[in-house]
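Below, chains carry the letters A, B, ... as their sequence lines are ordered, and counting in each starts from 1.
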Number of protein chains: 2
Amino acid sequence: MSQMQNVERQLREMILGLEIGPGERLTERWVESRFGASRTPVRAALLRLETEGLICRDGRGWTVSPINLAELEQIAVYREAVEVAALRLTCTLQDRSAVEIIEGMLDSCDDKTPREEWHRVGMDFHIELARLSGNEFLFRAVRDAMTRLSRARWLEVRDEAALGRAWAEHHAILSAVRAGDADSAARLLSAHIIGSRDRLVTSLRNDRRGLRARGFAVVA
Amino acid sequence: MSQMQNVERQLREMILGLEIGPGERLTERWVESRFGASRTPVRAALLRLETEGLICRDGRGWTVSPINLAELEQIAVYREAVEVAALRLTCTLQDRSAVEIIEGMLDSCDDKTPREEWHRVGMDFHIELARLSGNEFLFRAVRDAMTRLSRARWLEVRDEAALGRAWAEHHAILSAVRAGDADSAARLLSAHIIGSRDRLVTSLRNDRRGLRARGFAVVA
DNA sequence: GATCCCATTCTGGGATACCAAATTGGTATC
DNA sequence: GATACCAATTTGGTATCCCAGAATGGGATC
């Protein structure tokens, strides 16, 4: 694997895992020494992460993208459009047996499953559901949107009830898809996305001071 | 303006203007000498164009992305999802006076307008319409999709009637938006996008041999 | 003590040198 | 004439060096 891919992957994981906080400054030299690569692959990796929205330019330098509440709301609208479109497309397919795999993914989580795993499965549910549509662009759009939402979802304070609620909503959506009921599935998915957005933004808005105290930039 | 942006912009224009044909091989050294920049900005520019889908990796090297008919069909589905979502969003806005600007854009084209300008305005119509929604992600999605479609639309054989038809459809969509009739606008836009797709793919499929004879790679 | 200014440091942007792998072209062999 | 093989060349990947401009910090001045 090339140095560029190495740096890109590791840096992405550090950012998504909040090991580098939203709003923190980055210098190419720091990344260079941190991962033992030279500046050429480092710069290539930074350029790629910039297009993913994980880092952004800050004048001449680089900054880990802050959590942006207005952006989170816009992403939810975007997600709703592409995810519902993908879902409707999937409902028109003859062979929808792949929903079983996603169902199995959900069922692999139980009370003993660590929070981190719930988080990952919750994201993968949406990504894999979009992949079923067979449309590469809808799939990528959902995957990229989930990447952008990832850190915020991780910061969200979620109780057991909220996790169970999401789990139930995911299952309900799959049931509708399996039945081929596109309208119901779409309605459930829309409600799920918008509901999640509202809880997410509310949670972050309430915790804004605490998050800032932890050194995380949360804007708008 | 930086060298990277220079190379990126000029190379993008060469690719979109078909000065470099779909499927042609690119070497970093050629780009380097062609634009008088060194490899560092050239590589940065290539990485960015790769994320735009205008070039793609070909083993170790670079290739100008071929025209991919299957991809064009998928993009149309993607476009339909995001453009309709943006349109519906726009219809909910109080102030939709900006549609007048787009209308003026359309009306700036007449019989004497060169074909190239019709082409550009046809793309900008969709991009600017999406921008009105105020949702940055829907807007970018449409802009990126139009960029990916650009070369294919340019290759399409379109007669006067087809151009006039698109013009009329664009106007009908704007009228519905101005009236705030989201459902009608959405229906018209969907039909327009899918109709355009069918004509585009049919045209390219028929011309496939001719296009290949001109050195343009057209796959699937 | 506050403020202005200048030298130093640091940063990203660019250019270039080097390397390993892959491609290529030609030649020798069958 | 086809094919196998080897050397020269070319390629992208990487490391490193240089530069101009921005940021920084300390000291002089008021």
Side-chain angles (χ1 to χ4, degrees), chain A residues 1-16 19-66 68 212 215-217 219, chain B residues 1-16 19-66 68 212 215-217 219:
Chain A
M1 174 172 291
S2 74
Q3 288 281 53
M4 186 207 96
Q5 292 170 313
N6 250 325
V7 174
E8 183 188 346
R9 193 173 42 81
Q10 295 188 62
L11 192 53
R12 183 191 293 112
E13 278 177 20
M14 286 188 72
I15 293 173
L16 292 180
E19 295 176 56
I20 320 179
E24 266 188 58
R25 282 253 170 77
L26 279 183
T27 69
E28 298 184 355
R29 259 82 176 195
W30 179 85
V31 179
E32 192 179 352
S33 68
R34 178 67 178 71
F35 300 108
S38 73
R39 283 184 69 204
T40 310
V42 163
R43 296 189 54 182
L46 289 174
L47 280 174
R48 297 191 69 102
L49 292 175
E50 185 190 16
T51 68
E52 286 186 53
L54 295 185
I55 62 177
C56 53
R57 304 212 90 103
D58 165 44
R60 220 167 50 120
W62 301 95
T63 297
V64 177
S65 298
N68 186 324
R212 292 204 169 188
F216 296 157
V219 305
Chain B
M1 178 172 289
S2 74
Q3 288 281 53
M4 185 207 96
Q5 292 170 312
N6 249 325
V7 174
E8 182 188 346
R9 192 171 43 80
Q10 295 188 62
L11 191 54
R12 183 190 293 112
E13 278 177 20
M14 285 188 73
I15 293 172
L16 292 180
E19 295 176 56
I20 320 179
E24 266 187 58
R25 282 254 170 76
L26 279 183
T27 69
E28 299 185 354
R29 259 85 175 191
W30 179 84
V31 180
E32 192 180 352
S33 69
R34 177 67 178 72
F35 300 108
S38 74
R39 284 183 69 205
T40 310
V42 164
R43 287 180 57 93
L46 289 173
L47 282 172
R48 296 190 69 101
L49 293 175
E50 184 190 16
T51 68
E52 286 187 53
L54 296 185
I55 62 178
C56 53
R57 302 214 88 104
D58 164 44
R60 218 170 52 122
W62 301 94
T63 298
V64 177
S65 299
N68 185 323
R212 291 204 172 189
F216 296 156
V219 306

Trainee: Atom CD1 in A:Ile55, atom CD1 in A:Ile15: separation rounded to 0.5 Å?
Mentor: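 That separation rounds to 6.0 Å.
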Trainee: Looking at CD1 of B:Ile20 and CD of B:Glu13, how far apart are the two atoms once the value is rounded to the nearest 0.5 Å?
Mentor: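 Spacing of CD1 (B:Ile20) from CD (B:Glu13) equals 11.5 Å.
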Trainee: side-chain hydrogen bond (donor to acceptor under 3.5 Å, both in side chains): which pairs involve residues 19-29 of chain A, sequence neighbours left out?
Mentor: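 Every pair satisfying side-chain hydrogen bond (donor to acceptor under 3.5 Å, both in side chains) with a residue in residues 19-29 of chain A: A:Arg25-A:Asp58, A:Glu28-A:Arg39, A:Glu28-A:Trp62.
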Trainee: Identify all pairs in which a protein N or O lies below 3.5 Å from an N or O of nucleotides 6-9 of chain C, and state each distance.
Mentor:
none

Trainee: Which heavy-atom pair separates A:Leu26 from A:Val31 by the least distance, and what is that distance?
Mentor: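 Between these two residues, the closest heavy atoms are CD2-CG2, 4.5 Å.
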Trainee: So, taking the atom named CG in B:Leu47 and the one named CE in B:Met4, what distance separates them when rounded to the nearest 0.5 Å?
Mentor: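 Between atom CG of B:Leu47 and atom CE of B:Met4 there are 9.5 Å.
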Trainee: Output all residues satisfying side-chain hydrogen bond (donor to acceptor under 3.5 Å, both in side chains) with B:Ser2, sequence neighbours left out; order by chain, then residue number.
Mentor: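 Per chain and number, B:Ser2 pairs via side-chain hydrogen bond (donor to acceptor under 3.5 Å, both in side chains) with B:Gln5.
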Trainee: To the nearest Å, give me how far apart CG (B:Asp58) and C1' (D:dT11) are.
Mentor: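 From B:Asp58 CG to D:dT11 C1': 12 Å.
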Trainee: Name all residues meeting the side-chain hydrogen bond (donor to acceptor under 3.5 Å, both in side chains) criterion together with A:Gln3; count only those two or more places apart in sequence or in a different chain, and write none if there are none.
Mentor: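 Counting only residues at least two positions away or on another chain, A:Gln3 forms no side-chain hydrogen bond (donor to acceptor under 3.5 Å, both in side chains).
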Trainee: Let's see if you get this right: which residues in residues 47-54 of chain B place a heavy atom under 4.0 Å from DNA chain D?
Mentor: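 Under 4.0 Å from DNA chain D: no residue of residues 47-54 of chain B.
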Trainee: Report the C-alpha distance between A:Val42 and A:Leu11 in whole Å, list the side-chain angles of each, state the deciding distance to 0.1 Å, and finish with yes or no for side chain to side chain contact (heavy atoms under 4.5 Å, CB included).
Mentor: CA-CA 10 Å; A:Val42 163; A:Leu11 192 53; over 6 Å; no
Trainee: Holding to side chain to side chain contact (heavy atoms under 4.5 Å, CB included), I want the full list of residues that pass it with B:Ser38, two or more places apart in sequence or in another chain.
Mentor: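 If we apply the side chain to side chain contact (heavy atoms under 4.5 Å, CB included) test to B:Ser38, skipping adjacent residues, the hits are B:Thr40, B:Pro41.
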Trainee: Holding to side-chain hydrogen bond (donor to acceptor under 3.5 Å, both in side chains), I want the full list of residues that pass it with A:Arg9, two or more places apart in sequence or in another chain.
Mentor: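 Partners of A:Arg9 by the side-chain hydrogen bond (donor to acceptor under 3.5 Å, both in side chains) criterion, ordered by chain and then number, come out as A:Asn6.
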Trainee: Taking salt bridge (Lys or Arg N to Asp or Glu O under 4.0 Å) as the definition, give me every residue that meets it alongside B:Glu8, ordered by chain and number, with sequence neighbours left out.
Mentor: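 B:Arg12, B:Arg48.
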Trainee: Can you give the dot-bracket line for DNA chain C, where a pair is Watson-Crick or G-U wobble with both atom distances under 3.5 Å, crossing pairs use [ ], and | marks a partner on another strand?
Mentor: ||||||||||||||||||||||||||||||
Trainee: The criterion is side chain to side chain contact (heavy atoms under 4.5 Å, CB included); which residues satisfy it with A:Arg34, sequence neighbours excluded?
Mentor: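 Only A:Met14, A:Trp30 meet the side chain to side chain contact (heavy atoms under 4.5 Å, CB included) criterion with A:Arg34.
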Trainee: Are the side chain of B:Ser65 and the backbone of B:Leu54 linked by a donor-acceptor contact shorter than 3.5 Å?
Mentor: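 Yes, the answer is positive, given that a donor and an acceptor are paired below the 3.5 Å cut-off.
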Trainee: In whole angstrom, what separates B:Phe35's CZ from C:dA15's P?
Mentor: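 Going from B:Phe35 (CZ) to C:dA15 (P), I get 14 Å.
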Trainee: Which parts of nucleotides 12-19 of chain D does protein reach within less than 4.0 Å, heavy atoms only, written one letter per nucleotide 5' to 3' as B for base, S for sugar-phosphate only and - for none?
Mentor: BBBBBBB-
